[in-house]
Q: 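Encoded as structure tokens, here's the structure I'll be asking about.
Worth knowing before you read on, the calculation uses all heavy atoms, side chains too, and leaves out hydrogens, waters and symmetry mates.
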Amino acid sequence: MKLSALLIIVLLSYSNLSQAGHHRSERNSFSVTIHSFTKHSSKNEDIPFNTLGIFVLPNERFILQIKTKKPSVPVKFQAVDGKTRQLAQQQWQWQAPNKPGLTVIRLTHPISKETAELNVFVMVPASKVKKGVLNGYQIGSYPRLPFKNMETYETPKGFIEVTEANQDAKVSPHFTIGEFLSHQKDGFPKYLVLRERLLLKLEHIIETLYSKHFPVDSLHIMSGYRTPWYNKSLGQGPYSQHIYGGAADIYIDVKPKDGYMDDLNKDGKRDYQDAKVLIDIIEEMEGQSLYNKFIGGLARYRTTPHHGPFVHIDERGYKARWND
């Protein structure tokens, strides 16, 4: 074999290994579990990734548990703010500060030096919304009663304050808080609702795409949170999962990165059929038992004069399907 051919094989092998290792690097050898004192189930989550946003009210408490392969080597816990009380060797109770803002909990393995960061957003309580406005930002009104009496349709208890300074803060390995903002034109500070389980679902989708040889560096969030005021201006229904922070309209935009769905089925066109490729992959995921907690809405939308094809996902807690 010629040296040049051998070099190509080695380079390709290295590239494949690098791609395969990309998502492994988003996980640590230890896992983090959050147990909330509130009834919202999304806070009782295993966090497999090394970065996640956590959304709490002032003075809210939760218990953080670490699981390692070698329990005799304790992971180091560091909290920038708030009150910490160690309950066991790898278990802490943490209480949020009494003022809204962004703080960080960092977990570090003493031997491997692996680090997990929880970017904790202390929210502004919903009681601060007056006549549908929060600090000059249009919120609107939520339905008085939750749809089907489900927790995923309950009126939010607080709103994440997003500023020019924190809009690039990571809420998972591939997403920042600013990517989920409502598209209304109000200036900073802006406010939103976002659920941890949606972030975990998006990251699991990215991992699955990589395993199926779609090396995406992220998913484009065309629409994340919408205030009820903005959602109503679009003519959408009062129970859209977007207003509860549990939905995202997404597409793959890698090659070329131009604000449009990629040609996923390689037919030379970028259209509704490419959205079907993404839909089919997510549908296959929802058939797996480990994915049951992420069950929700799934739909694809056609190209219009205003946007290209895209896929809607949410984690409403029951299966819903539709097509545009």
Side-chain angles (χ1 to χ4, degrees), residues 12-28 45-53 170-176 179-180 194-224 241 246-303 307-316 319-321 323-324:
L12 286 172
S13 299
Y14 178 79
S15 174
N16 290 337
L17 284 170
S18 297
Q19 286 188 4
H22 174 74
H23 285 288
R24 282 198 298 269
S25 68
E26 312 298 357
R27 294 174 178 255
N28 290 322
E45 288 283 8
D46 292 325
I47 302 171
F49 305 107
N50 57 22
T51 306
L52 194 72
K170 284 187 141 188
V171 287
S172 71
H174 295 94
F175 299 100
T176 64
E179 292 179 81
F180 294 89
L194 185 58
R195 294 204 295 258
E196 294 91 344
R197 188 163 288 182
L198 175 66
L199 296 168
L200 293 171
K201 182 170 184 172
L202 288 165
E203 288 294 339
H204 281 299
I205 290 171
I206 288 176
E207 282 197 327
T208 302
L209 287 166
Y210 240 85
S211 73
K212 294 182 178 296
H213 310 293
F214 292 98
V216 298
D217 55 358
S218 188
L219 293 165
H220 184 91
I221 306 295
M222 192 177 89
S223 181
Q241 268 292 298
D249 296 335
I250 60 175
Y251 56 84
I252 295 174
D253 179 21
V254 178
K255 295 181 180 180
K257 203 172 189 70
D258 60 357
Y260 207 88
M261 174 78 86
D262 286 355
D263 179 16
L264 302 182
N265 62 1
K266 307 301 181 185
D267 66 351
K269 297 179 289 186
R270 296 191 288 170
D271 56 20
Y272 194 53
Q273 296 308 312
D274 297 305
K276 186 177 187 304
V277 173
L278 184 52
I279 280 274
D280 289 345
I281 290 171
I282 299 171
E283 190 74 77
E284 182 182 337
M285 293 173 65
E286 292 209 349
Q288 301 168 8
S289 60
L290 291 176
Y291 201 76
N292 285 342
K293 66 173 70 175
F294 301 109
I295 294 297
L298 184 60
R300 62 173 170 154
Y301 286 79
R302 299 179 185 274
T303 302
H307 59 71
F310 68 90
V311 169
H312 168 98
I313 65 162
D314 64 58
E315 47 89 34
R316 67 184 66 191
K319 189 171 183 177
R321 298 291 182 269
N323 288 314
D324 175 57

Q: Which pair of heavy atoms, one from L198 and one from G246, lies closest together, and at what distance?
A: CD1-O, 3.7 Å
Q: May I ask you to decide whether D258 forms a salt bridge with R270, counting only side-chain N to carboxylate O separations under 4.0 Å?
A: yes
Q: Scan residues 287-298 for pairs that pass salt bridge (Lys or Arg N to Asp or Glu O under 4.0 Å), counting only residues two or more places apart or in two chains.
A: E45-K293
Q: Is there a donor-acceptor pair closer than 3.5 Å between any side-chain N or O of D314 and the backbone N or O of G296?
A: no
Q: Please check: side-chain N/O of R300 versus main-chain N/O of Y272, any donor-acceptor pairing under 3.5 Å?
A: yes
Q: Taking side chain to side chain contact (heavy atoms under 4.5 Å, CB included) as the criterion, tell me which of I281, L278, T208, I206 meets it with F214.
A: I281
Q: Tell me every residue that passes salt bridge (Lys or Arg N to Asp or Glu O under 4.0 Å) with K170, counting only those two or more places apart in sequence or in another chain.
A: none
Q: How long is the span from the CZ atom in R316 to the CD1 atom in I295, to the nearest 0.5 Å?
A: 11.5 Å
Q: Do the side chain of Y210 and the main chain of D217 share a donor and acceptor less than 3.5 angstrom apart?
A: no
Q: List for me each residue that meets salt bridge (Lys or Arg N to Asp or Glu O under 4.0 Å) alongside K319, sequence neighbours excluded, and say none if there are none.
A: E283
Q: Run the side chain to side chain contact (heavy atoms under 4.5 Å, CB included) test on F49 and R27 for me, step by step, so that the C-alpha distance in whole Å, both residues' side-chain angles and the decisive distance to 0.1 Å come before the verdict.
A: CA-CA 5 Å; F49 305 107; R27 294 174 178 255; 3.9 Å; yes
Q: Any donor-acceptor pair under 3.5 Å linking the side chain of N292 with the backbone of S289?
A: yes
Q: E26 and P173: which non-hydrogen atoms are nearest, and at how many Å?
A: OE1-CB, 3.4 Å
Q: So L202 and I221, side chain to side chain contact (heavy atoms under 4.5 Å, CB included) or not? Walk me through it.
A: CA-CA 10 Å; L202 288 165; I221 306 295; 4.2 Å; yes
Q: Write down the atom of V311, the atom of L298, and the distance for their closest heavy-atom approach.
A: CG1-CD1, 3.9 Å
Q: Once rounded to the nearest 0.5 Å, what's the spacing between atom CG of N265 and atom NZ of K276?
A: 10.0 Å
Q: According to salt bridge (Lys or Arg N to Asp or Glu O under 4.0 Å), who are the partners of D262, at least two apart in sequence or on a separate chain?
A: none
Q: Check for a donor-acceptor pair, side chain of E203 on one end and backbone N or O of L200 on the other, with a separation under 3.5 Å.
A: no
Q: Over all heavy atoms of both residues, which pair between H307 and F310 is shortest? Give the atoms and the distance, please.
A: CE1-CE2, 3.3 Å
Q: For I205, give me all partners under side-chain contact (heavy atoms from CB on, under 4.5 Å), at least two apart in sequence or on another chain.
A: K201, L209, L219, I282, M285, Y291, I313
Q: If you take all heavy atoms of A275 and M261, which pair is closest and at what distance?
A: CA-CE, 3.7 Å
Q: What's the separation between atom NZ in K255 and atom CG in D253, rounded to the nearest 0.5 Å?
A: 12.5 Å
Q: Please identify each residue that fulfils side-chain contact (heavy atoms from CB on, under 4.5 Å) with D271, with sequence neighbours left out.
A: D267, K269, Q273, D274
Q: Hey, are the side chains of S218 and F175 touching, using non-hydrogen atoms and a 4.5 Å cut-off?
A: yes
